[in-house]
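Report on one structure; see the data block that follows.
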Amino acid sequence: MNILILGSGGREHSLAWAVLQNPKCDKLIVAPGNAGIAQIADCAAIDIESGGDVVSFAEANAIDFVIVGPEAPLAAGVANRLREAGILVFGPSAAAAQLEASKSFTKEICAAANAPTASYGHFTDAEAAKAYIREQGAPIVVKADGLAAGKGVIVAMDEQTALDAIDDMFGGAFGGAGAEVVIEEFMEGEEASLFVLCDGEDILSIGTAQDHKRVGEGDTGLNTGGMGAYSPASVLSAEIEALAMDQIVRPTMAEMVKRGMPFQGVLYVGLMIKDGKPRLVEYNVRFGDPECQVLMMRLGAQAMDLMHAAAQGRLGQAQVNWGDDHAITVVMAAKGYPGAYEKGTEIKGLDALPEDSSNMVFHAGTKAESGAVLASGGRVLNVTARGASLKEARDRAYEMVEAIDWPGGFYRRDIGWRAL
Ligand code: AMP
Ligand code: GLY
């Protein structure tokens, strides 16, 4: 099979790494890819948000199967275009991608599906939004309705912060994404994520993970795209997973079918867990980054078969072969991230590290220049390890982190702390 993966982050590096372990993969191209991906696969510089460009590229390269990494091409309808062209694709239609691209759409679906989640109001007018905030009081959560690259959510512990967030959003701080807002009840509890594959009909759980969204140790400081993750997430027990499947995931998927927009791809189910009960925080219509890196390390070669089965509507016969293992990934980011950071600092010591089925450094934002690896983004490396216990995996990952010589970078030393 000739495979094309769309995306350029650590998530896509881990997807490429897993796909290459599967003997059914004859050729792999990643577009646009990055310096780490270029070490294991061909990379192609195409505009992955243009359905036309992706279809022509796939046809010219005899691609049999396309795996879409990030949300933007999905929201832009790239999966629709591929399907129309008769090319097999893993990823939802633009209509189904609204589960991530529109917070108000998701809240409405949850209400119709009776899925437990925060109570909310949806506003297109700043004054009405402010009146709702004053009526509800703080803490309260203000969200830009559309895609805002993970930055459109303000968890306001006091009323003034929430009111200021409304001014920012209606003032254009998030572009079109902020012209509508969803205001939510603040939910307490511990967050964890469940990942399920869907083929429009059947649903298969492929694992749990916990992300570390804050930049600082002890989960303090600014929100980031994620500073590390581990799988499985012990807080998401089998009982809680069963409740989440019965009360949240299945009713949502059934509601999507009822509306004529069946979901096909991976659904990232962000949950808040309190007193043994899960409530939905958010859906994403793609793998998490860096959660994907730990899932791929645990799934290995079967990941491709599972995604292929989802794309072909064969999930009913598929199953996951789980090892009793744990995986962890530590994000190394450029100093200053998530604020302003320097690009182009050199990273040394990567060549001396092991790369095997239990140890991998996935590249998120790097570029190769005259034989050197340079940082080219905020989140730069995902140092990932697998072990028989979370502690073993963590110790291995930090051994690798410490062997990397990158004065321009930093990392959190406490990834996995809630479970350890
Ligand atoms: P989202 O983009 O919707 O996942 O929100 C980003 C982060 O904000 C989540 O991962 C939570 O940590 C936090 N958050 C979002 N909604 C709520 C809520 N209703 N209550 C508490 N925290 C929330
Ligand atoms: N790590 C969080 C996300 O991918 O949305």
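Since this is a predicted model, take the numbers as computed values, not measurements. In listed order, ligands and their atoms are each counted from 1. Index from 1, following the sequence. Note: hydrogens, waters and symmetry copies are ignored here, and every other heavy atom, side chains too, is used.
- Annotation for ligand 2: atoms under 4.0 Å from non-hydrogen atoms of Gly288 are 4 (O).
- Taking a cut-off of under 4.0 Å to the non-hydrogen atoms of Asn284, the atoms of ligand 2 that pass are 5 (O).
- Here is the list of ligand 2 atoms found below 4.0 Å of a heavy atom in Glu291: 1 (N), 2 (C), 4 (O).
- In summary, the side chains of Thr161 and Asp164 do not present any donor paired with an acceptor at a separation below 3.5 Å, with no hydrogens or angles considered.
- Each of the atoms 1 (P), 2 (O), 3 (O) of ligand 1 lies under 4.0 Å from some heavy atom of Lys103.
- Look at Lys130 and Asp125 and you find no salt bridge, because none of the NZ, NE, NH1 or NH2 atoms lies under 4.0 Å from a carboxylate O.
- Residues Glu185 and Tyr120 bring no donor and acceptor atom of their side chains to less than 3.5 Å of each other.
- A donor-acceptor pair shorter than 3.5 Å cannot be found between the side chains of Arg214 and Thr220.
- Any N or O atom pair closer than 3.5 Å counts here, and Asp289 shares at least one such pair with ligand 2.
- Ring geometry for Tyr411 against Tyr398 counts as tilted: the plane angle lies between 30° and 60°, on a 0 to 90° scale.
- For ligand 2, the atoms closer than 4.0 angstrom to any heavy atom of Gly225 are 1 (N), 2 (C).
- Distances between N or O atoms of Gly226 and those of ligand 2 include no value under 3.5 Å.
- When Val141, Ile140, Thr117 are ranked by how near their heavy atoms come to atom 23 (C) of ligand 1, first place goes to Val141.
- In terms of modelled atom types and a separation under 3.5 Å, the side chain of Arg379 and the main chain of Val331 share no donor-acceptor contact.
- The six-membered or imidazole ring of Tyr268 lies near that of Phe195, with a centre-to-centre distance under 6.0 Å.
- In summary, the atoms of ligand 1 found under 4.0 Å from a heavy atom of Lys213, numbered by their order in the structure, are 10 (O).
- Taking any N or O of Asn223, backbone or side chain, none lies under 3.5 Å from an N or O belonging to ligand 1.
- Taking the six-membered ring for Trp and thresholds of 30 and 60 degrees, Tyr132 and Phe123 have ring planes inclined between 30 and 60 degrees apart.
- Here the protein heavy atom with the shortest distance to atom 2 (C) of ligand 2 is Asp211 OD2, 3.3 Å.
- Residues Leu280 and Thr106 meet the side-chain proximity criterion, which asks for heavy atoms closer than 4.5 Å.
- The backbone N or O of Pro407 lies less than 3.5 Å from a partner atom in the side chain of Lys335, making a donor-acceptor pair.
- Counting heavy atoms closer than 4.0 Å to ligand 1, residue Met187 contributes atoms from both its backbone and its side chain.
- When non-hydrogen atoms are compared, ligand 2 lies under 4.0 Å from neither the backbone nor the side chain of Phe287.
- The closest heavy-atom contact to atom 16 (N) of ligand 1, among the options Glu282, Glu185, Lys143, comes from Lys143.
- Every heavy atom of Glu188 sits 4.0 Å or more from the atoms of ligand 1.
- Taking atom 5 (O) of ligand 2 as the reference point, the nearest protein heavy-atom neighbour is Arg286 NH2, 3.0 Å.
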